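These notes concern the structure reproduced below.
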Amino acid sequence: MSITIFVPGDAAALALGADEVAVAISTAAAKHKLDIEIVRNGSRGLFWLEPLVEVITEQGRIAYGPVTVADVPSLFSANITRGGKHSLRLGDIETLSYLAKQKRVTMSRVGVIDPASLSDYRKHGGGKGLELAQSMTSAEIVRLVTDSGLRGRGGAAFPTGIKWKTVLDTTADQKYIVCNADEGDSGTFSDRMVMEGDPYCLIEGMAIAGLAVGANKGYIYVRSEYPHAIAALNAALDSAGDWLGDFQIEVRKAAGAYVCGEETALLESIEGKRGIVRSKPPLPAISGLFGQPTVINNVISLASVPDILAQGAANYRDLGVGRSRGTLPFQLAGNIKYGGLVEVPFGLTLRELLYDFGGGSRSGRPLRAVQVGGPLGAYLPESQFDTMLDYEAFAAIGAVLGHGGIVAFDDTVDMAKQARYAMKFCAIESCGKCTPCRIGSTRGVEVIDRIRAGAHEQIPLLRDLCETMTYGSMCAMGSMTPYPVLSALNHFQEDFQ
Amino acid sequence: MLNTLNAIFAKHRHQPGALLPILHDIQHELGYVPDLAVPEIAKELNLSRAEVHGVLTYYHHFRQSPPGKHVVHVCCAEACQANGSEALANHAATRLLSGDIKMEPVYCLGLCSIGPAIQIDELKLHARVTPEKFDKLMQELEVRS
Ligand SMILES: Cc1cc2nc3c(=O)[nH]c(=O)nc-3n(C[C@H](O)[C@H](O)[C@H](O)COP(=O)(O)O)c2cc1C
Ligand code: SF4
Ligand code: FES
């Protein structure tokens with residue numbers, strides 16, 4: 001029987017040489033006359049160990065990493081195919097503490113299965129949610145999702161079930177399910193990992209959403225920076241056969257505008273227009289894509305649904321704290337020693353993520369600032385590291401969890417420069433519809449430049465400008481850019497002196 | 001060029017909101033979206049030229065002039081900044097000042113734990129790129145082309 005060896009095809013693993021390692025492994029196997037099958041799985045999300053190679057043995061899935069091409073001959077001399085001893089041997093993957101300490105729910109199959117195989121997906125529990133949904137009424141599905149307590153994972157944390165109910169209750173000949181896979185936030189990659197590592201889970205979630213609201217057409221809007229995710233989704237859809245019944249999904253490639261992650265700009269973009277934010281009302285749930293009622297959800301929101309159906313609402317709701325139910329796949333990024341994907345129930349502290357999982361900075365210097373929730377999220381100083389990972393606890397300190405991206409900086413960071421970058425990013429990415437955002441961000445860059453050059457009396461002007469942006473902008477691009485700017489100013493004043 | 005355009009148009013004729021997919025296909029085939037394509041697209045989709053031009057220029061991804069032989073995207077977003085991407089971007093800009101490899105900034109490639117990250121020719125990814133590693137990669141590119 002052939003031996004199964006996993007070499008991740010995830011973009012992060014590829015960036016670290018996984019393709020070359022896969023070639024070296026198949027060459028070495030041929031040389032040793034070993035019958036092997038290489039599966040290109042997703043990534044487990046332990047990026048300091050990528051390329052992380054796993055072998056199915058009697059003792060479990062034995063992991064080796066990080067593997068380079070140069071290591072492959074010695075791995076074969078050490079009998080890697082039977083889980084042999086080697087300095088890169090990490091043991092049974094499931095026992096690695098970084099993974100064992102997590103609670104993988106939404107991401108449970110990522111890195112485990114062959115993302116290109118529907119039958120492997122089903123063998124690992126996939127498909128049960130859709131099967132159940134097919135035996136339920138729309139209203140029952142919506143109630144179950146509402147009961148699970150799931151809130152949108154794209155940033156705004158709006159209850160998913162309530163959004164679906166609005167679409168269900170709006171009558172129309174055509175409704176749509178749109179998946180927001182624009183994942184523009186720096187420090188985030190969980191959407192990418194799902195699309196590359198478990199695409200059928202997202203597809204199943206969309207089909208369930210279709211049954212829940214009466215929609216038979218779905219779009220996945222994926223950022224153009226993710227060619228591997230686009231390929232994985234298209235491959236999965238091509239071999240889905242009649243699994244989805246009459247529900248159809250089309251993958252749409254975005255074109256590099258951050259603001260197109262905003263839901264109404266995204267809809268404009270699918271319609272073939274400039275990605276300019278629409279004024280609300282009407283809500284997309286009532287008049288969305290091509291003017292029809294539309295569910296628009298983030299990848300993680302939709303990918304959480306199959307498990308919620310299969311395991312029941314209570315199972316999901318029982319995880320978490322307060323009004324933050326279930327799990328969030330956090331992403332540890334930036335200057336962090338053990339960067340990667342950490343899916344845990346809400347309720348840990350930021351400090352636990354940064355140190356118990358992340359191991360502190362990559363550079364070995366003290367961590368000074370951590371930006372949570374992407375480019376529109378606040379910078380937190382050390383004194384706030386004990387904040388609980390919970391939407392409301394973060395709101396209470398003027399911060400956001402957003403899509404769960406956590407970007408760590410060590411003590412060499414210049415926070416005035418980071419504040420300037422936040423304004424600059426807003427100036428580059430603003431859709432231009434409203435003045436506070438379009439003009440305010442450019443003025444913001446100029447004011448910060450003057451402050452950095454010594455004009456401290458301009459600090460009140462910067463605060464004024466932030467207030468105008470906060471209250472005068474139409475969407476979060478303009479209204480939340482002040483989060484990183486003001487948090488930098490408030491917590492790291494010395495950098496503005 | 002007209003043949004290329006017509007083949008692309010035919011492929012998207014029944015797709016609602018086909019403008020972005022059409023622009024992507026043109027750029028994929030030709031490397032950029034030439035001015036001459038704009039009136040053709042407008043005619044095909046029953047839009048005004050101004051509308052097509054507006055969309056084409058709105059999105060960072062679309063190019064209106066031929067790119068260099070190779071394009072290197074250097075991530076300039078926060079998580080890569082935390083790992084020294086500014087120094088890398090400055091180095092890359094100087095290194096690529098002459099020659100036909102062009103550098104463009106990109107705001108996140110989804111490799112935020114292993115930055116600084118770069119992407120070559122919109123596909124090939126590299127992580128933890130130091131200036132030395134960057135030079136090596138560019139040398140390989142130059143040799144290949
Ligand atoms: C400027 C801006 C960018 C956004 N980018 C994204 C994104 O990349 N992905 C995403 O899921 N949501 C993004 N959002 C949030 C969406 O507008 C919307 O809330 C989300 O798609 C709803 O899905 P959810 O309820 O499942 O979170 C962005 C919002 C703004 C204002
Ligand atoms: S806040 Fe900025 S991005 Fe949002 S609608 Fe206004 S101009 Fe556009
Ligand atoms: S910030 Fe550079 S890859 Fe995400």
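In what follows, chains are A, B, ... by sequence order, proteins preceding strands, each numbered from 1. Not measured: the values here are computed from a predicted model.
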Discussion item. What part of B/C76 gets within 4.5 angstrom of chain A, counting heavy atoms only: side chain, backbone, both, or neither?
Written reply: backbone

Fill in: A/E50 versus chain B, the contacting section by heavy-atom distance below 4.5 Å
neither

Worksheet entry | chain B contact via A/K253 - side chain, backbone, both or neither, heavy atoms under 4.5 Å | both

Worksheet item: Do you know which of A/W48, A/F290, A/Y338, A/Y258 has the most heavy-atom pairs with chain B at a distance under 4.5 angstrom?
Response: A/F290

Worksheet entry | Pick from A/A254, A/G17, A/G405 with the largest number of heavy-atom pairs that fall under 4.5 Å of chain B | A/A254

Worksheet item: B/F134 and B/H126: aromatic ring centres closer than 6.0 Å?
Response: no

Worksheet, complete the sentence: Ordered numerically, the heavy-atom neighbours of chain B under 4.5 Å found in residues 182-193 of chain A are A/G184, A/D185, A/S186, A/G187, A/T188, A/F189, A/R192

Item to complete: Side chain from CB out, backbone as N, CA, C, O: work out which of these in A/A408 comes under 4.5 Å of a heavy atom of chain B, or both, or neither.
Response: backbone

Practice prompt. Find the one option among A/E429, A/E225, A/R274 whose heavy-atom pairs under 4.5 Å with chain B are most numerous.
Written response: A/R274

Worksheet item: Can you name the residues of residues 368-379 of chain A that have some heavy atom under 4.5 Å away from a heavy atom in chain B?
Response: A/Q371, A/P375, A/Y379

Worksheet item: Between B/L125, B/V55, B/L19, which residue shows the highest count of heavy-atom pairs closer than 4.5 Å to chain A?
Response: B/L125

Item to complete: Verify the ring-centre separation between A/Y98 and A/F357: is it less than 6.0 angstrom?
Response: yes

Worksheet item: So, A/K217 and A/E250, do they make that salt bridge, N to O below 4.0 Å?
Response: yes

Worksheet item: What part of A/F425 lies closer than 4.5 angstrom to a heavy atom of chain B: side chain, backbone, both or neither?
Response: side chain

Item to complete: For the pair B/E86 and A/K417, find out whether any cationic side-chain nitrogen is under 4.0 Å from an anionic carboxylate oxygen.
Response: yes

Item to complete: Just give me the residue among A/G256, A/A15, A/G272, A/A11 that pairs up with chain B most often, heavy atom to heavy atom, under 4.5 Å.
Response: A/A15

Practice prompt. Would you mind checking if B/E122 and B/R63 are paired as a salt bridge, meaning a charged N to carboxylate O distance below 4.0 Å?
Written response: yes

Practice prompt. Counting only heavy atoms closer than 4.5 Å, note whether A/Q331 contacts chain B via side chain, backbone, both or neither.
Written response: neither

